Amino acid sequence: MELGMWTILWLGLVIGLRHALDPDHVIAVSTIASRHKNVWKAGIAGVYWGVGHTITILLIGLAVLLLDLSVSEQYDVYFEWVVAVVLIYLGISAVRDARKGQFTARQAEVKRGYHRSLLTGMVHGLAGSAALMLLMLSQIEHVGQGLSFLLLFGAGSVLGMYVIALILSLPMRLSKSDLFQRRLVYGVGLVSITFGFILFFF
């Protein structure tokens with residue numbers, strides 16, 4: 001059964017927003033956003049993550065639409081391993097910097113943090129509920145509809161990660177205690193490392 005255009009657009013946006021809430025995505029962004037005292041800069045980091053994520057989704061989605069490719073479940077397992085490695089790396093970086101006392105992003109490091117967020121988003125492009133996105137593409141008969149779906153999926157991811165990054169940066173912004181801020185980043189790093197190992201081995 002062919003889906004209506006408005007149904008496709010609505011589902012693309014909703015699935016994109018849902019995708020942003022995947023635990024590995026939230027944890028990855030938290031290692032970046034929690035280091036910003038400026039909530040707006042943290043939000044921009046979330047936008048970069050969403051844009052990177054959308055780039056990967058568009059590339060894979062267009063390959064599925066134009067070349068009629070399918071993505072094996074085995075590839076999804078491999079990709080989860082890559083995501084696990086990224087989470088462990090981000091966690092180790094956060095713990096290391098917190099131990100050194102460099103637990104907030106300095107002005108010179110903000111731009112580098114945006115680039116890191118972009119690359120992290122690209123790596124996470126097919127993790128978790130992106131499988132649902134590919135299932136939806138299999139139900140779409142026209143390339144135009146599929147492209148619209150992909151763009152709305154990406155927009156939902158960008159919006160979702162922007163809001164999540166804003167929220168995650170609030171404790172750092174509201175706290176006046178350097179000790180609390182340091183422990184916060186340290187804790188976020190440990191959570192990222194732990195979740196990465198869980199993804200890798202389980």
Side-chain angles (χ1 to χ4, degrees), residues 12-62 76 79-95 97 103-134 149-173 184-185 187-196 199:
L13 183 63
V14 171
I15 295 173
L17 286 167
R18 165 62 187 84
H19 188 57
L21 294 174
D22 281 0
D24 55 321
H25 299 169
V26 175
I27 292 171
V29 171
S30 70
T31 64
I32 300 171
S34 63
R35 302 178 66 180
H36 287 280
K37 290 186 177 181
N38 186 309
V39 293
W40 305 117
K41 289 181 179 179
I44 293 173
V47 169
Y48 269 84
W49 188 99
V51 170
H53 182 271
T54 301
I55 290 172
T56 301
I57 289 296
L58 281 174
L59 291 176
I60 301 300
L62 286 175
D76 188 57
F79 197 81
E80 289 287 349
W81 289 348
V82 176
V83 169
V85 172
V86 170
L87 287 173
I88 293 170
Y89 166 75
L90 291 174
I92 291 174
S93 297
V95 169
D97 291 346
F103 52 90
T104 57
R106 292 178 297 220
Q107 185 63 34
E109 296 175 339
V110 170
K111 190 172 183 180
R112 186 177 65 180
Y114 291 160
H115 293 159
R116 179 184 296 181
S117 188
L118 179 73
L119 292 174
T120 303
M122 292 179 70
V123 170
H124 280 76
L126 278 180
S129 59
L132 181 57
M133 180 273 297
L134 292 176
F149 175 83
L150 289 171
L151 291 174
L152 265 294
F153 181 93
S157 297
V158 171
L159 177 60
M161 293 315 302
Y162 173 73
V163 174
I164 289 170
L166 286 179
I167 295 172
L168 290 173
S169 68
L170 285 177
M172 185 68 77
R173 176 67 180 87
L184 175 64
V185 175
V188 166
L190 290 178
V191 169
S192 185
I193 293 170
T194 302
F195 196 84
L199 276 182

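Just so it is clear, the structure is predicted and the values come from calculations on it, not from any experiment.
- A distance of 13.0 Å separates CG of Leu90 from CZ of Phe195, quoted to the nearest 0.5 Å.
- The two atoms that bring Val188 and Ser30 nearest to each other are CG1-OG, 3.3 Å, heavy atoms only.
- Taking every heavy atom of both residues into account, Val29 and Ala165 meet most closely at CG1-CB, 4.0 Å.
- Between Arg116 and Ser93, the closest side-chain pair of non-hydrogen atoms falls below 4.5 Å.
- Scanning all heavy atoms of the two residues, the minimum distance from Ala45 to Ser117 falls at O-OG, 2.5 Å.
- At least one side-chain heavy atom of Phe153 sits less than 4.5 Å from a side-chain heavy atom of His53.
- For the atom pair CD1 (Ile32) and CD1 (Ile44), the distance works out to 13.5 Å, reported to the nearest 0.5 Å.
- Taking CD1 of Ile164 as the reference point, atom CG of Leu159 lies at 9.5 Å (rounded to 0.5 Å).
- Separating the CD1 atom in Ile55 from the CG atom in Leu118 is a distance of 5.5 Å, to the nearest 0.5 Å.
- Between Ser157 and Ala20, the shortest heavy-atom distance links the atoms O-CB, 4.0 Å.
- In this structure, His115 and Tyr48 have perpendicular ring planes: the angle between them is above 60°, well past the 30° mark.
- Counting all heavy atoms, side chain and backbone alike, Leu184 lies closest to Pro171 at CD2-CB, 3.9 Å.
- Put simply, CG on Leu87 and OG1 on Thr31 are 8.0 Å apart, with the number rounded to the nearest 0.5 Å.
- Counting heavy atoms from C-beta on, the side chains of Ser192 and Ile27 come closer than 4.5 Å.
- Minimum interatomic distance between Ala33 and Leu168 (heavy atoms only, all atoms of both residues): CB-CB, 4.2 Å.
- Between His124 and Trp49, the ring planes are tilted. Angles from 30° to 60° get that label.
- Of the inter-residue distances, the one linking Leu150 atom CG with Leu59 atom CG reads 10.0 Å to the nearest 0.5 angstrom.
- Between Leu151 and Leu58, some side-chain heavy-atom pair lies under the 4.5 Å cut-off.
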